[in-house]
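First comes the structure, then the notes that go with it.
This is a predicted model, so every value here is computed, not measured.
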Amino acid sequence: MSRWAALPAELDPRVRQLVVRLRRLKDHSGLSLRQLAARTGYSQRSWERYLGGRSLPPREAVEALARAVDEEPTRLLALHEVAAEAWRNGRREATAGEEQEPLVATESLSVEATGARSPGRSLRVALVAGAVALMLALSTAVLLVVRLSGGDPAQPASPLVATGGQSPSAASASMPPSASASPSAPAYTCRPERVDGHWYAGISRTRDAILANGHAGPEVAEAQCLLRRAGISPGVIDGIFGPATERAVRQVQRRAGLVVDGIIGPHTWKALRQ
C-alpha cells in the first residue's frame, strides 16, 4: 500500500474525492506508478501530479486507469465531471483575483508618488473594479442557470418551477406573485405513483442517469422525491444534489446492499423505484 502525501489544503472537496478514489484503485491493483504509466500511456510524472492533487487528470486518463485496473469507468467519469467543473471554477476565481491585484497596487503607488489621491483617478479605479465585479456576478449567474437547467441530454430542459402538466404561460398565470418573483429558488412537487411495479414522482422517468454531488436538475428532484417516499430525508426538494441528498443516497444504498458511494446510477435508481 503506497504512502501518499497529504493533498493540498486548498483543494476543492469534489476534486479531493476524485483523487482519493483514483489513489485507492491504484493501491488495490498493486501497480506501481511506473507500471500504471506503461498501461495507460500517461507518464509516471503525469500520474504523480494527478494523484498528488497538483493537476486535474484529463477524462481520457481516468478512463485509461479504469481499464488498467479492470474498473467500470461510469462512476469514475461522473466524479471527474463534477471535479472538472469545480477545478474550472477555482481557476476562474484565481484569475479574477490576479486581475484585481494590479489595480490596488497601481492606486497605492499613485498615492505614494503624489501624496494625495486624485478624484478622477479614484473614479476610474472604482469604475474598473465595479466592471470586474459585474462580470464575475454575470458569469456566476450563467453557471447557476446552466447547472439548474442541466439534465438528461436527450430530454429538453425542464422549467425551474414544476407546472403540474400546464403550459408555461398558464402556469405563470396561476402562480402567486411571490412564486414568480423568486426564479432562483426552484420548487418541485412530488406526486408519487406506482406504475407497472415501479415508483415515479412525476418529475422525471429516467432510470439510468448518473447523478453526484454538485449536479442539479429535474432528475435530482425526482431522486429526492423517491428518497423521501422511502422514508429517508434528502432535505429540501430543490433539484440540487447537495450534502443532505448525498447522505440520503448513501443510506438507501446501504439499506439495499449496494456499493455505498453516494452516486446515483442504474442500480440505485432501481432500488429507489422498487
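- The CD1 atom of Ile232 lies 8.0 Å from the CG atom of Leu272; values are rounded to the nearest 0.5 Å.
- In this structure, the separation between CZ on Arg255 and CD on Gln251 is 6.0 Å, given to the nearest 0.5 Å.
- Figure legend: cation-pi geometry between Arg205 and Tyr200, with NZ or CZ positioned under 6.0 Å from the six-membered ring centre and within 45° of its axis.
- Ionic pairing of Glu63 and Arg67 is not present here: no N-O contact between side-chain nitrogen and carboxylate oxygen is shorter than 4.0 angstrom.
- Both Val19 and Trp4 belong to a single network of hydrophobic side chains, linked directly or stepwise wherever heavy atoms of I, L, V, M, F, W or Y lie under 4.5 Å apart.
- For the atom pair OG1 (Thr206) and CD (Glu219), the distance works out to 6.0 Å, reported to the nearest 0.5 Å.
- The backbone N or O of Gly239 sits less than 3.5 Å from a side-chain atom of Gln224, completing a donor-acceptor pair.
- To the nearest 0.5 Å, atoms CZ (Arg247) and OG (Ser233) are separated by 9.5 Å.
- Atoms CD and CZ, from Glu72 and Arg75 in turn, are 8.5 Å apart once rounded to the nearest 0.5 Å.
- Linking Ile, Leu, Val, Met, Phe, Trp and Tyr whenever their side-chain heavy atoms come within less than 4.5 Å puts Ile264 and Val252 in one cluster.
- In this structure the side chain of Gln17 reaches within 4.5 angstrom of the side chain of Leu79, judged on heavy atoms.
- In this structure, the side chains of Trp269 and Leu211 come closer than 4.5 Å at one or more pairs of heavy atoms.
- Both Val15 and Val62 are part of a single hydrophobic cluster, where members link through side-chain heavy atoms under 4.5 Å apart.
- With contacts defined as side-chain heavy-atom distances shorter than 4.5 Å, the pair Thr268/Leu258 qualifies.
- When side chains are defined from C-beta on, Leu56 does not count as touching Arg88, because their heavy atoms never get closer than 4.5 Å.
- Arg14 contributes no side-chain N or O that, together with a main-chain N or O of Ala86, makes up a donor-acceptor pair within less than 3.5 Å.
- Two residues are said to be in side-chain contact when any heavy atoms from C-beta on lie closer than 4.5 Å; Glu222 and Leu226 meet this criterion.
- Of the charged side-chain nitrogens involved, none lies within less than 4.0 Å of a carboxylate oxygen, so that Glu71 and Lys26 do not count as a salt-bridged pair.
- In this structure the side chain of Arg254 never reaches within 4.5 angstrom of the side chain of Val249, judged on heavy atoms.
- Atom SG of Cys190 is separated from atom CZ of Arg229 by 11.5 Å, given to the nearest 0.5 angstrom.
- The closest donor-acceptor contact from the side chain of His80 to the backbone of Pro57 lies under 3.5 Å.
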